[in-house]
Colleague: 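Encoded as C-alpha cells, here's the structure I'll be asking about.
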Amino acid sequence: MKQILKNQLFLWQLCFKTAPGFMIYWIYDGIRYQGFIFLEHTLMINYVLECAEFGRPFKNILIVVIGIFILIGIEVYFDGYFQHSMIFKSKPKLYKALKEQMFEKAAELDLTCYDDPEYYNQFVLSVSESEKAIDRFLNMLILLSKSITGLLTGGIFFIYKNPIGLIFVLVSFLLSYIFSKQLNKLNYKIRLLNNPFERKRYYTGRVFYLNEYAQELRLNPVVGDILEEQFEEANEEILKLNKENANKRWGFDFLRTYIAGDFISDGLYISFLVIQAAVYRIISFSSAVVLFNLIGSMKNQLRAFSDVIPAAAENSLYVDKIREFLAYDPKIKDGNKNEIQKKPSILELKNVSFAYNDKDGNILHDINMVLHPGEKVALVGYNGAGKTTLIKLLMRLYDPTKGKIYYANNDIKKYNLKNYRERIGVIFQDYKIYGAALKENVIMNDPQKIEYSENEIELALQESGFGSRLNGLKYGLETQMTTEFDAEGVDLSGGESQKVAISRVFYKKSDIMIMDEPSSALDPIAEYNLNKAMERAAKNKTVIYISHRLSTTKEADRIYMLEKGWLIEEGTHEELLELNGKYAEMWKAQAHYYVNN
C-alpha cells in the first residue's frame with residue numbers, strides 16, 4: 001500500500017506542477033457533479049414525494065424545483081467550458097511533461113539496455129503505458145472525488161433517515177473491494193504475460209504499412225506469408241492466455257457485480273425497507289422509495305470506491321516500471337575533466353576487451369592500437385569481426401570490460417562525454433535520415449537554438465556529392481526529408497541518403513573522423529569523388545575507415561585486420577600484401593575490381 005501511495009503521489013506531483021489549475025478544478029468537478037446528483041435525485045425527490053404524501057402546497061414544490069434547476073443551469077454552463085476547452089488544453093501538457101522526462105532518460109540509456117531483451121521489453125512497456133498511466137490516474141482521481149462526495153452525502157442522509165441501512169452498504173462495499181482487487185491483479189498478470197506477444201504482433205503489423213518494406217514484400221510474397229503466420233501465432237498466444245484465465249475473470253466479476261452488489265442491495269435491502277414501511281411503520285413510504293433509490297446510488301459509489309484502490313494498485317505496477325526507467329543510472333558516466341586539448345592528439349587502445357554480456361563472452365580480445373594525429377587508419381575484416389563495436393568503444397557508447405582507451409594521454413572516461421564526443425565526427429553504416437528539414441539532418445541540432453552557417457551546410461553537402469541533388473530541390477535546405485509528414489517532402493535513394501549522412505561528418509569541425517562503410521551505397525564514380533573530398537576535408541585530422549571495399553583502404557597510412565574480435569595483422573597495404581596473410585587473401589579476392597584503376 002505504501003508503494004501504491006508513493007506512485008500516485010509521483011503522478012500527482014507531476015500533474016499538479018504541470019497544470020495546477022486544471023488539477024484543482026478536476027477534483028472540484030467530481031465533488032460538484034456528485035453534489036448536484038445528490039441535491040437533484042435525493043433531496044429534491046424526497047421533498048416532492050413528502051409534499052405529495054402529506055398534502056403540502058404545490059407552490060412549495062414549484063419554488064424548490066425552479067431553484068434547483070437554476071443552480072443546475074449555472075453548473076452546466078461552467079462545466080461546458082471545462083469539458084470542451086480546459087481538458088483539451090491541459091491533458092496534452094500532462095502527457096508532454098511525462099514523455100519529455102522519458103525521452104530525456106532514453107537519450108541517456110546505455111546501448112547495453114537495448115541489447116538486453118528483458119530490459120527492452122520493460123522499456124517499451126513503460127513508454128507505451130505513460131499516457132495511459134496518466135489517464136488512469138485522472139480517472140481514479142475523479143472517481144475518488146465523486147465516490148467520497150456521494151458516500152458522505154448519502155451516508156449523512158442514511159444516518160438521518162435509516163442508520164441500519166448503512167450495514168447493507170458496508171457489507172456490499174467490503175465484498176466488492178475484495179473481488180475487485182483479485183480481478184485487477186489477474187488483469188495485470190495477463191498484461192505482463194501478453195506483452196512479448198503484443199510487441200511481436202505490433203512489429204509484424206507495422207511491417208505491412210511502412211513504406212520501407214513495401215517493395216520487398218511485393219517482390220518476396222513468401223516473406224509476407226511468414227509474417228502473417230507470425231502475426232497469427234502471436235494472436236493465438238494472446239487468445240490462449242485469455243482463454244486460460246477467462247473463467248477466473250468471469251468468476252471474480254460475477255462475485256463483485258451480483259453477490260456483492262445486486263443481491264445484497266436490490267434483494268435483501270428492498271425486503272428490509274418494505275417490512276419497515278408497511279409492517280412496522282418506522283419510515284414513510286416516501287423515505288422508503290428515496291432510500292431504495294439512494295442505496296442504488298450508494299452501491300455504485302461504493303463500487304467505484306472499491307475499484308479505485310485495486311485500480312490504483314494495478315496502475316501502480318505500471319508506474320513502478322515508469323519510475324524504474326526514469327531512475328535508471330547510466331553506467332557510461334560523465335567525467336569531470338571538461339577541458340580537452342584543442343590540438344589533435346594521440347588516440348590509444350591498451351589491452352581492450354569487450355563483451356556485451358557474460359553469457360556470450362568477449363566480442364573483442366586484447367586490442368592494442370595507437371592512432372597518431374593526422375593519420376589515416378583503416379579497419380578491415382569480414383562481417384562479425386568486431387569493427388563497428390570497436391568504433392562504439394572509441395565513441396564511449398560502450399566502455400571496455402577490460403583495458404583502457406586514452407586520448408591526449410588521459411583515460412577517455414575522465415572527459416565530459418559531450419565535450420569528448422564533439423571531437424569526433426562519425427557516420428555509422430546503419431545511419432538514419434529523420435523526418436525533418438535537410439539542414440537539420442546535416443547539423444543534427446535545432447537550428448533555432450544554435451548558430452549555424454547555411455554556406456557551410458551547402459559546402460558539406462557539395463563535398464559529400466549531394467550538390468547536384470541539392471540544386472534540384474524546390475525548397476533547398478528547408479526541404480523536408482521523407483513524405484511521412486509533408487506531402488512535398490522528398491524520399492531519397494539509398495546513395496543520396498548516404499551522402500546526406502556523410503555530410504554530417506564534413507560539417508562537424510572535429511579532430512577525428514570515423515567512417516563506417518562510407519561508400520557502401522555509392523556507385524564507383526561517387527565513391528571516387530567521395531574519397532577525394534575526404535582527402536580534402538581530412539587534412540590534419542585523424543581518419544578511421546571501416547570498409548569491405550579495399551579500394552577505400554589501400555591508401556591508408558595504417559591498416560588493422562580484425563578476425564573474430566582479435567587484431568591479427570597490422571601495417572601498410574604493401575606490408576600486408578607482402579605478409580601474404582588474411583588481408584592479402586581478402587585483397588586478392590577483390591583485386592580484379594581495382595587493378596585496372
Colleague: One thing to verify: whether K418 and E422 come together as a salt bridge, which I'm taking to mean a side-chain N less than 4.0 angstrom from a carboxylate O.
Modeller: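 A salt bridge is present here (some side-chain N lies under 4.0 Å from a carboxylate O).
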Colleague: So, N441 side chain and Y434 main chain: donor-acceptor pair closer than 3.5 Å or not?
Modeller: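 Checking the backbone N and O of Y434 against the side chain of N441, a donor-acceptor pair under 3.5 Å is found.
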Colleague: Let me see the working for E108 and K105 under salt bridge (Lys or Arg N to Asp or Glu O under 4.0 Å), right down to the final yes or no.
Modeller: CA-CA 5 Å; E108 297 175 3; K105 177 56 68 174; 3.2 Å; yes
Colleague: Considering residues at least two apart in sequence or located in another chain, which fulfil the salt bridge (charged side-chain N to carboxylate O under 4.0 Å, His left out) criterion with R421?
Modeller: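 For R421, no residue satisfies salt bridge (charged side-chain N to carboxylate O under 4.0 Å, His left out) once neighbours in sequence are set aside.
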Colleague: Is there a side-chain contact between F506 and M513 in this structure, where contact means two heavy atoms from C-beta onward sitting under 4.5 Å apart?
Modeller: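 Yes, close enough: below the 4.5 Å cut-off.
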Colleague: May I ask you to decide if the ring planes of Y398 and F354 are parallel, tilted or perpendicular, using 30° and 60° as cut-offs?
Modeller: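 Answer is tilted, since the angle falls between 30° and 60°.
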Colleague: Does the N315 side chain pair with the main chain of A133, one donor and one acceptor, at a distance under 3.5 Å?
Modeller: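 Confirmed, N315 side chain pairs with A133 backbone.
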Colleague: Is any side-chain heavy atom of R396 closer than 4.5 Å to one of D399?
Modeller: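 SC-SC contact between D399 and R396 confirmed.
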Colleague: Does any non-hydrogen side-chain atom of L347 lie less than 4.5 Å from one of I405?
Modeller: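 A side-chain contact under 4.5 Å exists here.
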Colleague: Using atom types as modelled and distance alone, determine if a side-chain donor or acceptor of K582 lies under 3.5 Å from a backbone N or O of E569.
Modeller: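 Checked: no pair found.
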Colleague: Describe, in one word, how the ring planes of Y318 and Y188 are oriented to each other, choosing from parallel (under 30°), tilted (30 to 60°) and perpendicular (over 60°).
Modeller: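 Plane angle over 60°, so perpendicular.
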Colleague: Keeping T401 on the side-chain end and S353 on the backbone end, is there a donor-acceptor pair under 3.5 Å?
Modeller: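 Side chain of T401 to backbone of S353, a donor-acceptor pair under 3.5 Å: yes, one is there.
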Colleague: Is the backbone N or O of T483 less than 3.5 Å from a side-chain atom of D491, with the two atoms forming a donor-acceptor pair by type?
Modeller: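 Yes, because the side chain of D491 sits within donor-acceptor range (under 3.5 Å) of the backbone of T483.
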Colleague: If you define the side chain from C-beta out and look only at heavy atoms, does anything of L470 sit under 4.5 Å from L477?
Modeller: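 Of all side-chain heavy-atom pairs linking L477 with L470, at least one is under 4.5 Å.
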Colleague: State, yes or no, whether a side-chain contact exists between K413 and K404 at a heavy-atom distance under 4.5 Å.
Modeller: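 A side-chain contact under 4.5 Å is absent here.
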Colleague: Any sub-3.5 Å donor-acceptor pair from S510's side-chain atoms to G425's backbone N or O?
Modeller: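 It does hold such a pair.
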Colleague: Given side chains that start at C-beta, do those of K99 and E131 come closer than 4.5 Å, heavy atoms only?
Modeller: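 Sidechains of E131 and K99: in contact.
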Colleague: May I ask you to say whether R201 pairs ionically with E198, meaning some side-chain N is under 4.0 Å from a carboxylate O?
Modeller: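 Salt bridge between R201 and E198, a charged N being under 4.0 Å from a carboxylate O: yes.
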Colleague: Determine, for E585 against K588, whether the closest basic-nitrogen to carboxylate-oxygen distance falls under 4.0 angstrom.
Modeller: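 No, E585 and K588 are not salt-bridged.
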Colleague: Are the side chains of V490 and R469 in contact, using a 4.5 Å heavy-atom criterion?
Modeller: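 Counting from C-beta outward, R469 and V490 do come under 4.5 Å.
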Colleague: Taking the side chain as every heavy atom from C-beta outward, state whether I512 and L371 have any pair of such atoms under 4.5 Å apart.
Modeller: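 Counting from C-beta outward, I512 and L371 never come under 4.5 Å.
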Colleague: Between Y406 and K350, is there a cation-pi geometry (under 6.0 Å to ring centre, at most 45° from the normal)?
Modeller: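 Yes, K350 and Y406 form such a contact.
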Colleague: Just to verify, what does K321 make a salt bridge (charged side-chain N to carboxylate O under 4.0 Å, His left out) with, not counting sequence neighbours?
Modeller: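 So K321 forms no salt bridge (charged side-chain N to carboxylate O under 4.0 Å, His left out) with any residue.
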